[in-house]
A.B. asks: 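One structure is given below, represented as structure tokens, and several questions about it will come after.
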Amino acid sequence: MTNLPPQYNPKDVEETRYQWWESQGLFQADVDPKRTAYTIVIPPPNVTGILHMGHALNNTIQDILIRWKRMQGFNALWVPGTDHAGIATQNVVEKALAKEGKKRQDLGRDAFIQRVWQWKEQYGNTILYQLKRLGSSCDWRRTRFTMDEGLSEAVLEVFVRLYEQGLIYRGNYIINWCPRCQTALADEEAPRKETLGKLYHIKYPIDGAPGKFVEVATTRPETMLGDTAIAVHPKDKRYKSFIGKQATLPLVNRKLPIIADEAVDKAFGTGAVKVTPAHDPVDFQLGKKHKLEFLNVMTDDAHMTNVPKPYEGLDRYDCRSKLIVDLEQQGFLGPIDEHTYNVGHCYRCHTAIEPRLSPQWFVKMKPLAEPAIKAVKSGKLTFSPARWKKVYLNWTENIEDWCISRQIWWGHRLPVWYCDACLTKDGAKVERAGQADNVTGEAKPFAASGKQPGVIVSKTAPEKCPDCGSVTGLHQDEDVLDTWFSSWLWPFSTLGWPKQTKDLEYFYPTATLVTAQEIIFFWVARMVMAGYFCMKELPFRRVYIHGTVRDMTGKKMSKSLGNIIDPLDIIKEYGTDALRYTLITATAIGQDIFLSEERFAAGRNFANKLWNATRFVLSQTAGTAPGHLPPKSDLSIPDRWILSRLQYTIERVTKSTVGFLFNDAATALYDFLWHDFCDWYLEISKVQLAQKTEDRRQTSDILVHVLETSLRLLHPIMPFVTEELWQRLPKRAGAATIKSIMIAEWPKVSKKFMDEEAEAQFERFRQVVTAIRTTRAELNIPPDRRPPVCLVAKDAVVRAFFEAQGVLLRALAQVSNVSVTPQAAKQKDAASAVVDGIEVLLPLAGLIDTEKEAKRLQQRVAELTHYVARTESRLSDPQFIGKAPAEVVEQTRTQLAQAHDTLKKLNEYLSVLQSM
Ligand SMILES: [Zn+2]
Ligand SMILES: [Zn+2]
């Protein structure tokens, strides 16, 4: 009767099922004005990416939303794609080249970029195949790449528009420089790490005051070679007399003015600071204010340059060591203290960044941030969990200009050309981005806004200079744009922008963005700004920020810790549905996720349970299409109960999904299917099916109805097993033409089957059965012994109910006879339990070896008494209460209460046994 194999084997199902979905066009969405669009754009994984648990979680959530909306009848589009990941990808290819003993410079720019494209063709889609293994129902026809033609066009377009509106400028600023990657980094790309280092005190002799010094403290002594002043607070009594005088830079003998500025912190270190305008952001501001010289003393790879001979060419740290020795020898070194401070580190290679003066391109962010702030303040754009609203606002309200030029080769090259003729007019040197120079005062040659003759910003290469007409000597800027300069356009560039496409009109703005917390600044906030700038409309209405995947001890999964669980291994071992189910149940809204491999067994067991339940249901239906459900009055209490539970489950799963409470939806389905449906209703149905023929048909229809509906509810979370089982179930006439559960209708609550009366009655029944089962277990009554049971209930309605359920009660509780009475004489030899006002009496005579059982019970009572005493003393120990986590204390209390109950029960049984 059933063609289902005895066990669910995901390997037999997943790949073929996925290909079938794809071949049927079920993932595709096209413009259809008759339907409402629901769009999600994938956070594009890096082309260098390999699927990890973070991706698995992120994409499972997106797939749940897309499948759910698709079933609700929306025209659901999930746009996939990848990010070119400038620095990351360049690093990967550079590493491969290094194995051949080559550097990128050996190949030259064009050949190197060719190499990266080759690498991308070969490996860049790995992650997309892996996303398919995860079941992601993306419209793969629409796969985009941040460097494909359309998206590159969008990047150039927005650069030119921003420039023309005065929102892009070039200037000399202190930026975060990675000497390893040899590029500028945005602040967000150079996260600060607490570092234990040293604070070196250096003595600067004062001119005209023999034997007198100003002592300064620094964590980077090598930067002293770029010092151009000493600064003190104007009200600092210790230094007042020195202001306006000069100090001598030790070892170099250069003269430094001693200046006064309120910005100097009197309380830090000695209260005097060295000023290195080209190598420190604070000093940069001081340098501009006091018109100091900007001396750049380091090369791109952090070796010393423009410095006296013994130090020229040294690595920054070697120079530091040598300086310390020399300073000490010549008596200029003060104390060296241990010191904890924050240093930015390159987010790609973790090298300590070097703040450095450098000509770079910037986006003015304040004007762009305004509508992005308003959107969140007005509630047009919402965050879940809501706490991220504050984080977002705090950043956008204090936003700094965005450094967008990078000194690497892989990426969108800046659409900027320089005209030699214009830029060398007054004997000036042509200065291009990335080349640091020594300048004085205000950064030159470009002001922080406005256009300059000889700088041409254009989407295509200019044929001649628009300022002087020169056709030669035009050079494109060597730099490329920050990777995020293409990903901030993602929600609309993927739909065709800057072309005004039908897709754009129909699918934009998107609905929900699902992302990780690390990229809220890099990406989320900037997308909102770009959405308003380019589209005059926000890019999405809801942002769901999920937690971080960690191991069971709370550590983030990482290669170096060796605690990674590979999602592809889990798929192999347990199946994709098990992976998805476990990830989702472990994810409370926005909270971090704690995973161990064992947790995935729960998902696999659940899939198997459903498989077996379906096998049973199929064996009872003989393939006939179910009829319509009969009116409530024709249904038994268990039928009414399971249909009512189903309605509540539909309601809860739908509400939870709306609120991103995916774990709640998954748990509700698990409880309903495993406990209500499998543990109880399937057992009851066996009894009902053994009855008359017309009841038989009714029961099998309800079995199919409940199972089929539940599979639809579960489909977004566990797409494969639900499709496989759904395909085998007989369908009602109207639904027979629907080819996949993917496009079957999302279940709706049928109010008429919500039935509190039946639920209350069934609950009482369930408790009575459970009480009898517990008593049987506690007293070791052999399974083949069927005692009679007597139920004592004062309420006539309750009695009538249990009289009517005699057959079921006998079958489920394994009892021989059920008698129901309003009152019973005290039965000495009966074990009793009271549930919900009903006394359940189980006569024990002749059932068990009373002496042996009494002994066993005495033993258990003794153990339990000991446990209770121990636990009570633990709970009265202030040490334990104070130190243990609250949930452990709470758990211990609950266990103690349970132990008290059991103890009471066991003593009752014991007294029954002893009186026999
Ligand atoms: Zn780096
Ligand atoms: Zn020119």
Side-chain angles (χ1 to χ4, degrees), residues 2-22 26-27 50-64 66-68 126-138 549 557 564-587 593 595-616 618 662-663 665-667 669-671 673-674 677-678 707 710-729 740-742:
T2 157
N3 54 353
L4 275 184
Q7 252 209 326
Y8 176 48
N9 187 358
K11 285 194 191 79
D12 297 340
V13 169
E14 291 176 358
E15 262 170 83
T16 43
R17 188 49 80 186
Y18 193 87
Q19 281 164 13
W20 179 78
W21 283 332
E22 248 195 305
L26 290 165
F27 301 160
I50 298 291
L51 191 79
H52 57 58
M53 274 302 173
H55 295 122
L57 173 69
N58 177 261
N59 288 285
T60 296
I61 293 170
Q62 292 177 76
D63 198 43
I64 288 172
I66 279 285
R67 285 179 186 268
W68 167 58
T126 307
I127 185 124
L128 296 184
Y129 292 121
Q130 293 172 333
L131 287 178
K132 292 183 178 189
R133 292 296 311 278
L134 198 66
S136 309
S137 60
C138 305
V549 180
M557 291 195 181
I564 285 183
I565 303 175
D566 183 345
L568 296 168
D569 289 346
I570 299 299
I571 288 175
K572 249 185 248 159
E573 180 74 24
Y574 301 91
T576 301
D577 288 333
L579 170 75
R580 294 170 59 125
Y581 171 81
T582 297
L583 272 176
I584 289 306
T585 45
T587 311
I593 297 106
L595 285 181
S596 67
E597 203 179 318
E598 299 77 62
R599 290 193 78 165
F600 294 97
R604 180 182 55 192
N605 296 345
F606 188 29
N608 267 327
K609 189 83 175 172
L610 290 174
W611 191 265
N612 290 328
T614 308
R615 273 167 58 86
F616 171 76
L618 284 175
F662 305 109
N663 63 325
T667 310
L669 280 161
Y670 181 92
D671 287 346
L673 278 162
W674 192 296
F677 187 64
C678 293
L707 181 59
S710 312
L711 290 176
R712 280 185 281 140
L713 282 175
L714 186 59
H715 174 72
I717 299 171
M718 301 176 85
F720 291 104
V721 73
T722 51
E723 176 78 282
E724 204 56 27
L725 296 176
W726 187 84
Q727 290 290 346
R728 321 270 180 134
L729 285 177
S740 164
I741 192 172
M742 271 187 67

A.B. asks: Please check: side-chain N/O of R17 versus main-chain N/O of E724, any donor-acceptor pairing under 3.5 Å?
C.D. replies: no
A.B. asks: Is the closest side-chain heavy-atom distance between F677 and L707 below 4.5 Å?
C.D. replies: yes
A.B. asks: What residue among L579, T576, I584, I717 forms side-chain contact (heavy atoms from CB on, under 4.5 Å) with T60?
C.D. replies: I584
A.B. asks: Shortest non-hydrogen contact from L729 to L711?
C.D. replies: CD1-CD1, 3.7 Å
A.B. asks: Using distance alone, with no hydrogens and no angle criterion, decide if E723 and W21 have a side-chain donor and acceptor under 3.5 Å apart.
C.D. replies: yes
A.B. asks: Of W611, Y670, Y8, F600, which is the lone residue that meets ring pair (Phe, Tyr, Trp, His ring centres under 6.0 Å) with F606?
C.D. replies: Y670
A.B. asks: Between the side chains of E15 and Q19, does any donor sit under 3.5 Å from an acceptor?
C.D. replies: no
A.B. asks: Quick check for you: to the nearest 0.5 Å, what is the distance between L610 atom CG and W674 atom CH2?
C.D. replies: 9.0 Å
A.B. asks: With rounding to the nearest 0.5 angstrom, report the CG to OH distance, L568 to Y129.
C.D. replies: 14.5 Å
A.B. asks: Return yes if some donor-acceptor pair links the side-chain N/O of R604 with the main-chain N/O of G575 below 3.5 Å, else return no.
C.D. replies: no
A.B. asks: Write down the atom of F27, the atom of R67, and the distance for their closest heavy-atom approach.
C.D. replies: CE2-NH2, 4.3 Å
A.B. asks: Specify the closest pair of heavy atoms between L26 and M742, including all atoms of both residues, with the distance to one decimal.
C.D. replies: O-CE, 3.5 Å
A.B. asks: Taking the side chain as everything from C-beta on, heavy atoms only, tell me whether R580 gets closer than 4.5 Å to D63.
C.D. replies: yes
A.B. asks: Got a donor-acceptor contact below 3.5 angstrom from the T722 side chain to the L714 backbone?
C.D. replies: no
A.B. asks: Any non-hydrogen side-chain atom of V13 less than 4.5 Å from a side-chain atom of V721?
C.D. replies: no
A.B. asks: Calculate, to the nearest 0.5 Å, the distance between atoms CD1 and OG belonging to I66 and S137 respectively.
C.D. replies: 6.5 Å
A.B. asks: If I take atom CG from residue L134 and atom CG from residue L51, how far apart are they, to the nearest 0.5 angstrom?
C.D. replies: 6.0 Å
A.B. asks: Angle between ring planes, H55 versus H52, binned at 30° and 60°: parallel, tilted or perpendicular?
C.D. replies: parallel
A.B. asks: Rounded to the nearest 0.5 Å, what's the gap from OG on S740 to CH2 on W20? Could you check?
C.D. replies: 4.5 Å
A.B. asks: Grab the two heavy atoms, one from M53 and one from D566, that are nearest each other, plus how far apart they are.
C.D. replies: CE-C, 4.3 Å
A.B. asks: Might you point out which heavy atoms bring T585 and N663 nearest each other, and give the distance in Å?
C.D. replies: O-CB, 3.7 Å
A.B. asks: Taking all non-hydrogen atoms of both residues into account, name the closest pair between L713 and P716 and its distance.
C.D. replies: O-CD, 3.5 Å
